[in-house]
**Student:** 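The structure's right below; bear with me while I get my questions together.
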Protein chains: 2
Amino acid sequence: MVRVLVVDDERGLARALLRGLTAEGFAVDVAHDGEAGLDLATDNDYDAIVLDVMLPRRNGYDVVTALRERDVWTPVLMLSAKDGEHDVADGLDVGADDYLTKPFSFVVLVARLRALLRRPAQARPAVLRVGEIVLDPSTRTVTRAGVEVEMTTRELALLEYLMRHADRVVGKVELRDHVWDSSGEDLNVVEVYVGYLRRKLGRDAVRTVRGAGYRVVG
Amino acid sequence: MVRVLVVDDERGLARALLRGLTAEGFAVDVAHDGEAGLDLATDNDYDAIVLDVMLPRRNGYDVVTALRERDVWTPVLMLSAKDGEHDVADGLDVGADDYLTKPFSFVVLVARLRALLRRPAQARPAVLRVGEIVLDPSTRTVTRAGVEVEMTTRELALLEYLMRHADRVVGKVELRDHVWDSSGEDLNVVEVYVGYLRRKLGRDAVRTVRGAGYRVVG
DNA sequence: GGCACCTCTCAGCGTGCTCTCAGCCACCCG
DNA sequence: CGGGTGGCTGAGAGCACGCTGAGAGGTGCC
């Protein structure tokens with residue numbers, strides 16, 4: 001029996017999914033807000049989660065992030081009313097496995113769901129590795145050449161973002177937007193924190209690309 | 001022959017389950033209150049137990065707790081009329097193996113039951129061991145480097161949750177949600193109790209990860 | 001009733017984190 | 001070679017976070 005969790009606050013849609021997926025032979029649980037969904041998903045062993053982005057109490061991105069932090073690697077299919085490319089990227093960045101834009105056809109949803117279920121339990125080891133630096137988001141640990149390095153929250157967030165985009169140059173504005181919520185004027189914070197990272201990981205861990213941003217290399 | 005015990009005080013439902021499960025090829029016993037169910041489950045070797053939460057004389061949580069204390073590890077499928085998220089967490093925390101909310105479809109119940117039966121006799125609680133700290137949930141004892149350490153209920157619950165998620169950072173909100181029932185605002189209780197654990201187990205037994213939570217490591 | 005114990009609240013304190021600022025350095029231009 | 005822009009860093013202010021001691025309320029036992 002394949003167990004699926006549906007998290008959506010639109011009662012009509014949720015009920016339709018419940019009925020439809022049950023008819024398809026899935027065992028379906030439903031939650032109507034992010035918090036409830038997160039708890040259910042943490043405590044039960046679902047085979048897949050269908051997750052709306054816009055949710056009361058906790059949005060979809062949050063839920064996925066929290067799940068992955070709690071070491072839950074159930075594949076997630078995200079649903080969103082918006083169709084800006086950013087949403088897709090953000091969703092997948094955050095650890096969702098697939099993405100569907102509302103409105104969608106039920107047949108397509110089932111097909112995508114089956115595709116997710118077919119995949120060998122991938123996602124799993126979300127450790128980021130660049131050169132001799134390893135970052136494990138689930139344990140929040142960073143090691144350089146096998147030696148653990150303590151990181152503060154901000155430092156870790158910055159390093160994680162850089163490592164997730166290891167192959168390209170990341171602009172300071174982009175870093176400011178993603179690692180810091182504020183979108184202020186001053187980009188000096190970024191420089192300061194890059195400095196901290198270099199102090200802890202070695203001067204060459206993060207390379208400066210003048211006029212463009214930063215880059216981590218192996 | 002697979003033996004199943006059904007504990008439910010709603011006569012109609014109990015009879016329906018008896019008939020349905022028998023038709024599915026199970027050997028079914030029925031009890032109508034918690035005390036009777038507990039006795040039957042203790043004395044006989046069932047392959048699974050279907051257990052209502054709301055019961056006269058002893059509720060479902062109680063029964064599971066009592067069973068586990070008596071070293072009976074028969075898989076339990078809990079039934080509940082409520083669908084608050086907390087019930088699920090409580091049931092599973094207490095040692096149930098799966099959870100179903102009323103009303104449910106009979107087909108789903110059978111499927112879940114089969115899933116439970118398929119599982120290798122897990123549940124049995126290997127003692128938790130992290131570093132030199134050992135926690136035995138069945139005897140509720142904790143030792144550090146072989147020396148027994150007294151623990152109050154809350155302390156034990158907190159330590160157990162931390163140890164079950166050793167190596168990863170566990171957020172205070174998560175701890176509050178799982179170790180304490182309330183989902184209030186104030187997280188200070190968690191800090192206080194972490195302080196108690198440290199006093200008993202050593203300052204370094206639980207590590208603080210500022211801005212993220214706590215972590216126990218081996 | 002008195003005592004022991006557990007649980008939780010509260011307020012105060014220390015500290016580590018975050019961020020700003022100003023000055024300096026490095027690199028690229030003419 | 002000198003000026004200018006972009007980037008780096010040490011110092012330090014502010015503050016949020018986490019820790020702790022004191023104690024109140026509750027419960028169970030003698």
Side-chain angles (χ1 to χ4, degrees), chain A residues 69 140-142 148-162 169-217, chain B residues 62 65 86 90 93 140-142 148-162 169-217:
Chain A
E69 266 172 17
R140 297 177 52 100
T141 51
V142 176
E148 183 162 348
V149 182
E150 301 275 345
M151 287 283 162
T152 72
T153 311
R154 260 297 122 81
E155 289 163 0
L156 198 86
L158 174 61
L159 180 62
E160 179 172 347
Y161 194 89
L162 285 169
V169 176
V170 186
K172 289 194 220 176
V173 177
E174 185 183 344
L175 288 170
R176 173 96 196 187
D177 287 351
H178 279 84
V179 178
W180 284 262
D181 296 335
S182 62
S183 49
E185 275 298 282
D186 195 5
L187 295 171
N188 181 240
V189 217
V190 181
E191 293 159 5
V192 173
Y193 271 81
V194 168
Y196 294 159
L197 288 187
R198 293 212 252 245
R199 218 172 287 174
K200 292 188 175 181
L201 296 171
R203 180 158 249 80
D204 55 333
V206 183
R207 295 220 184 138
T208 303
V209 182
R210 205 154 220 267
Y214 299 97
R215 214 173 124 209
V216 293
V217 284
Chain B
D62 262 358
T65 310
H86 257 313
D90 288 347
D93 265 352
R140 300 174 49 93
T141 52
V142 176
E148 182 159 351
V149 182
E150 299 278 342
M151 287 283 161
T152 71
T153 312
R154 259 301 119 84
E155 289 164 0
L156 197 86
L158 175 60
L159 181 62
E160 179 173 345
Y161 194 89
L162 284 170
V169 175
V170 186
K172 289 193 224 179
V173 177
E174 188 182 342
L175 288 170
R176 171 98 198 187
D177 287 352
H178 281 83
V179 178
W180 285 262
D181 296 335
S182 62
S183 51
E185 274 299 282
D186 195 7
L187 296 170
N188 183 241
V189 217
V190 181
E191 293 157 8
V192 173
Y193 271 82
V194 167
Y196 294 159
L197 288 187
R198 292 212 252 246
R199 221 170 282 173
K200 293 188 174 180
L201 296 171
R203 181 161 244 77
D204 54 333
V206 182
R207 287 164 61 174
T208 301
V209 182
R210 206 156 220 266
Y214 299 97
R215 207 175 136 213
V216 292
V217 280

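Below, chain A is the first sequence line, B the second, and so on; all start at residue 1. Only heavy atoms go into these numbers, but all of them, side chains included; no hydrogens, no water, no symmetry mates.
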**Student:** Please report, rounded to the nearest Å, how far the P atom of C:dG16 is from the CD atom of A:E155.
**Tutor:** 14 Å
**Student:** How long is the line joining CG of B:D204 and C1' of D:dC19, in whole Å?
**Tutor:** 16 Å
**Student:** Give me the residues of residues 190-203 of chain B where at least one heavy atom lies under 4.0 Å from an atom of DNA chain C, by number, or none.
**Tutor:** B:V192, B:Y193, B:Y196
**Student:** Nearest-Å distance, CG (A:L158) to C1' (C:dC19)?
**Tutor:** 14 Å
**Student:** What is the distance, rounded to the nearest whole Å, between atom CE of B:M151 and atom P of C:dC5?
**Tutor:** 16 Å
**Student:** Any side-chain heavy atom of A:V216 within less than 4.5 Å of one from A:R207?
**Tutor:** no
**Student:** Taking atom CZ of A:R215 as the centre, does the number of heavy atoms from other residues, nucleotides or ligands within less than 6.0 Å exceed 12?
**Tutor:** no
**Student:** Would you mind reading off the distance between B:L187 atom CG and D:dC19 atom P, rounded to a whole angstrom?
**Tutor:** 12 Å
**Student:** Could you pull out the closest heavy-atom pair between A:T153 and B:G211, with the gap in Å?
**Tutor:** OG1-CA, 4.2 Å
**Student:** Tell me which of B:T153 and B:N188 sits closer to the 5' end of DNA chain C, going by the nucleotide each one is nearest to.
**Tutor:** B:T153
**Student:** Measure the distance from OH on B:Y214 to P on D:dC17 and round it to the nearest whole Å.
**Tutor:** 12 Å
**Student:** Rounded to whole angstroms, how far apart are CG on A:L156 and C1' on C:dC17?
**Tutor:** 14 Å
**Student:** Counting only heavy atoms not in B:E150 (residues, nucleotides, ligands), do more than 12 fall under 6.0 Å from its CD?
**Tutor:** no
**Student:** For the residue pair B:M151 and B:L197, establish whether any side-chain heavy-atom pair is separated by less than 4.5 Å.
**Tutor:** yes
**Student:** Starting at NZ of B:K172 and ending at C1' of D:dG18, how long is that distance when rounded to a whole Å?
**Tutor:** 5 Å
**Student:** Indicate whether OP1 or OP2 belonging to C:dT7 is found under 4.0 Å from a side-chain N or O atom of B:W180.
**Tutor:** no
**Student:** With a 4.5 Å cut-off on side-chain heavy atoms, are A:Y193 and A:R198 touching?
**Tutor:** no
**Student:** Applying a 4.0 Å non-hydrogen cut-off, can you work out what A:R210 is touching in the nucleic acid: base, sugar-phosphate, or nothing?
**Tutor:** base
